Amino acid sequence: MTAQADIGVVGLAVMGRNLVLNMDDHGVVVSVFNRTTSKVDEFIAGEAAGTAIIGTHSLPELVASLQTPRRVLLMVKAGPAVDALIETLLDLLDPEDIIIDGGNSLYTDTIRRAAHVEAAGMAYIGTGISGGEEGARYGPSIMPAGTAAAWPHVQSIFQGIAAVVDDVPCCDWIGADGAGHYVKTVHNGIEYGDMQVLAEAYDVMHRGLGLDHKRMGEVFASWDEGPLDSYLVEITADVMNKSDEDGSPLLEKILDRAGQKGTGKWTVISSMELGQPTTLVAEAVYARVLSSMLDERVAASAVLEGPPPTITDPVEEVLADLHDAMYASKIVSYAQGFMLLGAAAAEHDWDIDFASVSSMWRGGCIIRSRFLGELMDVFAADRELTSILRSDFFSSAVDQAQAGWRRTIARATAAGIPIPAYSSALSFFDGYRSSRGSANLIQAQRDYFGAHTYERVDRPRGEFFHTDWV
Ligand code: NBP
């Protein structure tokens with residue numbers, strides 16, 4: 001086999017196939033391999049017919065087809081398959097060659113793998129790729145990190161196939177080892193949050209106000225014209241308008257039992273480990289967990305009473321407030337997500353540029369939105385900013401939305417409609433803006449039962465006191 005391909009891709013499931021076709025569209029010569037080799041033949045004879053894509057039937061054949069430095073992109077199921085492929089490739093590749101993992105790997109696995117591959121003299125890139133099938137085919141958001149020396153060898157390929165917003169590709173170098181997969185994980189966590197704030201708006205409109213699906217579709221479509229303009233709001237409007245075969249709204253035929261694959265949970269676990277209050281994502285994950293306990297909920301609904309889920313205030317007022325509740329909650333969620341990124345960057349010594357991350361998320365990925373452009377501007381104006389809530393733009397946006405946000409929570413709570421994302425975001429906001437809260441009592445209790453000591457407001461920080469409380 002002649003070494004003619006620019007990059008080899010292992011894994012021809014939905015993501016791998018579409019990325020390969022995208023690369024081919026951009027003049028990149030790709031050779032491909034899949035464990036089940038019949039899928040290589042089907043791909044070459046089918047979707048890839050007439051392209052320059054090269055099919056191979058073994059990893060040695062794939063490696064032999066590549067120009068040096070060899071670039072091998074793994075697009076396989078995250079987990080042990082990645083480790084097994086790396087071990088085989090280390091025997092086949094030369095120093096300076098590059099192994100790239102484009103799956104949804106856990107960032108701690110990527111840190112371990114990067115060290116392992118670099119110790120063998122090769123380069124390792126772990127990259128988040130967002131946007132699903134459509135993004136992979138026509139322009140995803142790509143978040144690569146790892147061996148910095150490898151970036152110039154993949155930059156033109158990655159930036160060439162990525163989504164583009166305002167002439168800027170939604171792909172840039174994130175940092176060392178697991179930084180790219182970490183950024184992708186937080187992206188997915190934020191995605192859980194964005195979906196939850198939309199689900200809560202639907203519940204308030206549907207059960208609380210009794211709006212029909214056409215009207216709800218119009219409300220979501222109108223929100224897509226303003227500061228909430230985003231892919232997820234747009235598709236939510238489409239979902240409202242979709243009818244089943246009998247003409248009734250399809251949405252009401254779907255079991256309210258949400259699935260999850262783990263990246264939201266990883267975000268929350270990491271936030272706990274790093275001591276960061278990423279509360280809205282946590283509530284979004286827990287809301288999915290509670291939703292999945294369907295039998296338990298059905299049994300509980302037979303014995304537990306609550307108020308009728310009816311909101312009787314004027315519809316237009318409720319909708320205007322609901323919009324503000326969504327917007328303010330979303331601002332808090334992104335503030336929390338970037339605080340988490342900042343803590344992870346400090347912990348792992350990653351030099352993550354928040355303006356660049358916001359820019360990369362503006363296109364190609366599920367959370368793409370107008371909001372991310374504003375976020376990018378805020379971070380670009382102040383590279384030291386730790387929380388967007390302290391920026392002029394977002395503090396004034398929250399200020400304007402605050403009254404409607406509070407009224408929405410009051411109405412939903414009085415009507416017994418769960419709004420964990422809105423209310424946890426507001427509790428965070430109220431705690432975050434308080435220079436004195438209630439943790440003095442926690443410290444007193446801890447000192448009472450466990451002699452854990454406390455600091456005093458009238459003494460320098462770092463001096464600890466214990467009281468004999470009885
Ligand atoms: P899947 O995650 O469904 O994985 C299927 C691929 O992995 C097939 O090519 C399969 O080969 C291969 N594979 C498996 Br499973 N075990 C293997 C092993 N031990 N050795 C070699 N190959 C193995 O594919 P996907 O949905 O295209 O996703 C690929 C990656 O991208 C995943 O990490 C996923 O989390 C991530 N991702 C997916 C999406 C999405 O929307 N689907 C979006 C963003 C990121 P086979 O054909 O022989 O079984």
Side-chain angles (χ1 to χ4, degrees), residues 8-23 30-44 46-48 53 55-63 72-92 99-110 113 125-145 158 161-163 170-171 178 180-192 195 231-232 235 259-267 360-361 363-368:
V9 174
V10 180
L12 289 177
V14 63
M15 289 299 284
R17 283 200 316 276
N18 284 293
L19 280 171
V20 169
L21 293 168
N22 186 352
M23 289 183 201
V30 192
S31 57
V32 299
F33 168 69
N34 192 78
R35 177 181 62 174
T36 307
T37 52
S38 58
K39 292 184 187 170
V40 174
D41 300 329
E42 283 162 27
F43 180 60
I44 296 294
E47 286 170 288
I53 298 165
T56 71
H57 294 88
S58 69
L59 280 176
E61 195 189 341
L62 180 91
V63 168
V72 181
L73 170 62
L74 308 180
M75 288 308 303
V76 299
K77 192 175 165 64
V82 177
D83 287 307
L85 285 164
I86 289 171
E87 287 315 306
T88 310
L89 285 168
L90 286 178
D91 289 337
L92 297 171
I99 300 175
I100 307 152
D101 172 19
N104 271 344
S105 291
L106 183 59
Y107 75 101
T108 46
D109 285 342
T110 306
R113 288 167 185 152
I125 294 177
T127 183
I129 301 181
S130 179
E133 178 176 358
E134 184 83 1
R137 180 67 186 89
Y138 298 108
S141 171
I142 308 179
M143 300 150 246
F158 281 14
I161 63 165
C170 295
C171 169
H181 276 137
Y182 192 85
V183 165
K184 172 66 168 33
T185 299
V186 173
H187 162 284
N188 284 23
I190 288 174
E191 180 184 309
Y192 274 58
M195 293 168 74
Y231 170 72
L232 281 168
I235 66 166
Q260 51 180 319
K261 279 190 167 173
T263 40
K265 183 179 78 179
W266 291 349
T267 306
M360 267 174 256
W361 290 351
C365 61
I366 305 298
I367 64 171
R368 60 185 182 264

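Small disclaimer: the values here were computed from a predicted structure and weren't measured. Only heavy atoms go into these numbers, but all of them, side chains included; no hydrogens, no water, no symmetry mates. Start at 1 and go down the list; that is how both ligands and their atoms are numbered. If you read the sequence from its start, that first residue is 1, and numbering goes on from there.
The minimum heavy-atom distance between Y231 and I366, with the atom names listed, is CD2-O, 3.4 Å. Nearest approach of W361 to V183, heavy atoms of both residues: CZ2-O, 3.4 Å. V10 and V76 make their closest contact through O-CG1, 3.7 Å (heavy atoms, listed as atom of the first residue, atom of the second, distance). L92 and P60 make their closest contact through CD1-N, 3.8 Å (heavy atoms, listed as atom of the first residue, atom of the second, distance).
Any N or O atom pair closer than 3.5 Å counts here, and L85 shares no such pair with ligand 1. Among the atoms of K184, none of the N or O lies under 3.5 angstrom from an N or O of ligand 1. Checking only distances, S130 never comes within under 3.5 Å of ligand 1, N or O to N or O.
In terms of protein heavy-atom proximity, atom 48 (O) of ligand 1 is nearest to T36 OG1, 2.5 Å. Closest to atom 32 (C) of ligand 1 among all protein heavy atoms lies V76 O, 3.4 Å. Closest to atom 26 (O) of ligand 1 among all protein heavy atoms lies V14 CG1, 3.5 Å. Nearest non-hydrogen protein atom to atom 49 (O) of ligand 1 is R35 NH2, 3.0 Å. Taking atom 38 (C) of ligand 1 as the reference point, the nearest protein heavy-atom neighbour is M15 CG, 3.3 Å. For atom 34 (C) of ligand 1, the closest non-hydrogen atom on the protein side is N104 N, 4.0 Å.
Contacts of N34 with ligand 1, taken as heavy-atom pairs under 4.0 Å, involve the side chain alone.
Proximity of V72 to L85: side-chain heavy atoms (C-beta onward) are nowhere separated by under 4.5 Å.
Judged purely by atom type and a 3.5 angstrom limit, S58 uses its side chain to pair as donor or acceptor with the backbone of E61. A distance-only check finds no donor-acceptor pair linking the side chain of S31 to the backbone of G55 [under 3.5 Å]. Checking side-chain atoms of S141 against main-chain N and O of G364 turns up no donor-acceptor pair under 3.5 Å. The main-chain N or O of K39 is never found under 3.5 Å from a side-chain atom of N34 such that the two would form a donor-acceptor pair. Judged by distance alone, with hydrogens and angles left aside, the side-chain atoms of R368 form a donor-acceptor pair with the main-chain N or O of C365 at under 3.5 Å.
With ligand atoms numbered from 1 in the order given, ligand 1 contributes 16 (N), 17 (C), 18 (C), 19 (N) to contacts under 4.0 Å with heavy atoms of A81. The ligand atoms of ligand 1 that sit less than 4.0 angstrom from a heavy atom of A78 are 33 (O). Ligand-side atoms of ligand 1 in range of K77: 2 (O), 4 (O), 7 (O), 15 (Br), range being under 4.0 angstrom from any heavy atom. For ligand 1, the atoms lying closer than 4.0 Å to a non-hydrogen atom of G11 are 9 (O). Taking a cut-off of under 4.0 Å to the non-hydrogen atoms of K39, the atoms of ligand 1 that pass are 46 (P), 47 (O), 49 (O). Near M75, meaning under 4.0 Å from any of its heavy atoms, are these atoms of ligand 1: 29 (C), 31 (O). Close approach of ligand 1 to L12 is summarised as follows: ligand atoms under 4.0 Å from at least one heavy atom of the residue are 9 (O). Applying the 4.0 Å criterion to heavy atoms of I129 picks out, from ligand 1, the atoms 44 (C), 45 (C).
Of the inter-residue distances, the one linking D101 atom CG with T110 atom OG1 reads 5.5 Å to the nearest 0.5 angstrom.
The heavy atom nearest to atom 41 (O) of ligand 1, considering only G132, C365, G102, A13, is found in G132.
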Determine all donor-acceptor pairs shorter than 3.5 Å in which one atom belongs to a side chain in residues 184-192; sequence neighbours excluded.
| unit_1 | atom_1 | unit_2 | atom_2 | d |
| --- | --- | --- | --- | --- |
| K184 | NZ | N104 | OD1 | 2.9 |
| K184 | NZ | N188 | OD1 | 3.3 |
| T185 | OG1 | H181 | O | 2.8 |
| H187 | NE2 | S130 | OG | 3.4 |
| N188 | ND2 | T263 | OG1 | 3.0 |

